[in-house]
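Structure record follows, encoded as structure tokens.
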Amino acid sequence: QVQLVESGGGLVQAGGSLRLSCAASGNIFSINAMGWFRQAPGKQRELVAAITSGGTTNYADSVKGRFTISRLNAKKAVYLQMNSLKPEDTAVYYCKMGIQPSPRRNEYDYWGQGTQVTVSS
């Protein structure tokens, strides 16, 4: 089975930085787009950043200029560098990857377990 494991969350003061990591393991033939989502209490889950297989990136307006998404295909990993963190960035962050397990199977979205990011004021 394909699994995505996240790490890097924690408690940080406003203005600080965190780097989230997410690595996939298992039967993986190919990985298409990768992305990071977050969900805060009382709010809908939202797309924070995404990166295509070709390296094109997209960011939510609220994080543009502060967050950077990147990927390392050799490690089947996606990263989110978060700088100038604000209290409103507090949420559970989830990574997602579009993965084709084998040439005979369709691409499917896989999710990480989530990692808590808390930004104190």
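Positions are given from 1 along the sequence. These numbers come from the heavy atoms of this one structure, side chains and all, not from hydrogens, waters or symmetry mates.
With contacts defined as side-chain heavy-atom distances shorter than 4.5 Å, the pair Ser121/Lys86 does not qualify. At least one side-chain heavy atom of Tyr93 sits less than 4.5 Å from a side-chain heavy atom of Val48. By the 4.5 Å heavy-atom criterion applied to side chains, Val92 and Arg45 are not counted as neighbours. Gln39 places none of its side-chain heavy atoms less than 4.5 Å from the side chain of Gln44.
In this structure, Arg38 is not positioned above the aromatic face of Tyr94 in the sense of NZ or CZ being under 6.0 Å from the six-membered ring centre and within 45° of the axis.
Atom NZ of Lys64 sits about 7.5 Å away from atom CG of Asn58, to the nearest 0.5 Å. Rounding to the nearest 0.5 angstrom, the gap separating the OG atom in Ser25 from the NZ atom in Lys75 is 14.5 Å. One finds the CD atom of Glu6 at 4.0 Å from the SG atom of Cys95 (value rounded to the nearest 0.5 Å). Leu72 CG to Met34 CE: the interatomic distance, rounded to the nearest 0.5 Å, is 9.0 Å. To the nearest 0.5 Å, the span separating CG on Asn83 from CZ on Arg66 amounts to 9.0 Å. The CD atom of Glu46 lies 10.0 Å from the CZ atom of Phe37; values are rounded to the nearest 0.5 Å.
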Before giving the answer on side chain to side chain contact (heavy atoms under 4.5 Å, CB included), spell out for Phe29 and Ile99 the whole-Å C-alpha distance, their side-chain angles and the decisive distance to 0.1 Å. CA-CA 7 Å; Phe29 175 71; Ile99 294 174; over 6 Å; no
Worked check of side chain to side chain contact (heavy atoms under 4.5 Å, CB included) between Ser17 and Gln81: CA-CA 8 Å; Ser17 299; Gln81 179 66 46; 4.0 Å; yes
Intermediate values then yes/no, side-chain hydrogen bond (donor to acceptor under 3.5 Å, both in side chains), Gln116 and Thr118: CA-CA 6 Å; Gln116 177 70 47; Thr118 302; 3.3 Å; yes
What verdict does the side chain to side chain contact (heavy atoms under 4.5 Å, CB included) test give for Met97 and Val78, after you've listed the backbone C-alpha separation in whole Å, the side-chain angles of each residue and the deciding distance to 0.1 Å? CA-CA 9 Å; Met97 300 185 188; Val78 61; 3.8 Å; yes
Kindly indicate, with the supporting measurements, whether the criterion side chain to side chain contact (heavy atoms under 4.5 Å, CB included) is fulfilled by Thr56 and Ile51. CA-CA 5 Å; Thr56 301; Ile51 184 167; over 6 Å; no
Under the side-chain hydrogen bond (donor to acceptor under 3.5 Å, both in side chains) rule, what do Gln100 and Ser30 come out as? Steps first, then yes or no, please. CA-CA 5 Å; Gln100 186 180 10; Ser30 64; 3.3 Å; yes
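Across every non-hydrogen atom of Thr115 and Leu20, the tightest pair is CG2-CD2, 4.0 Å. Taking both residues in full, the closest heavy atoms of Leu80 and Ala49 are given as CD1-CB, 4.1 Å, listed atom of the first, atom of the second, then distance. In terms of heavy-atom proximity, Gly8 sits nearest to Leu18 at O-CD2, 3.8 Å.
Criterion: ILVMFWY side-chain heavy atoms under 4.5 Å apart, direct or through other members. Under it, Ile31 and Tyr110 are part of a common hydrophobic cluster. No chain of hydrophobic side-chain contacts below 4.5 Å, direct or via other Ile, Leu, Val, Met, Phe, Trp or Tyr residues, connects Tyr79 to Val63.
Within 6.0 Å of atom CG in Asn32, more than 12 heavy atoms from other residues, nucleotides or ligands are found, so the atom counts as buried in its surroundings. Residue-environment remark: CD (Glu88) exceeds the threshold of 12 foreign heavy atoms within 6.0 Å.
Checking each of Ile69, Val117, Thr68, Asp89 against Met82 for a side chain to side chain contact (heavy atoms under 4.5 Å, CB included) leaves exactly one that passes, namely Val117.
At distances below 3.5 Å, not a single donor-acceptor pair connects side-chain atoms of Arg19 with backbone N or O atoms of Gly9.
Taking the six-membered ring for Trp, Phe67 and Trp36 have ring centres at least 6.0 Å apart.
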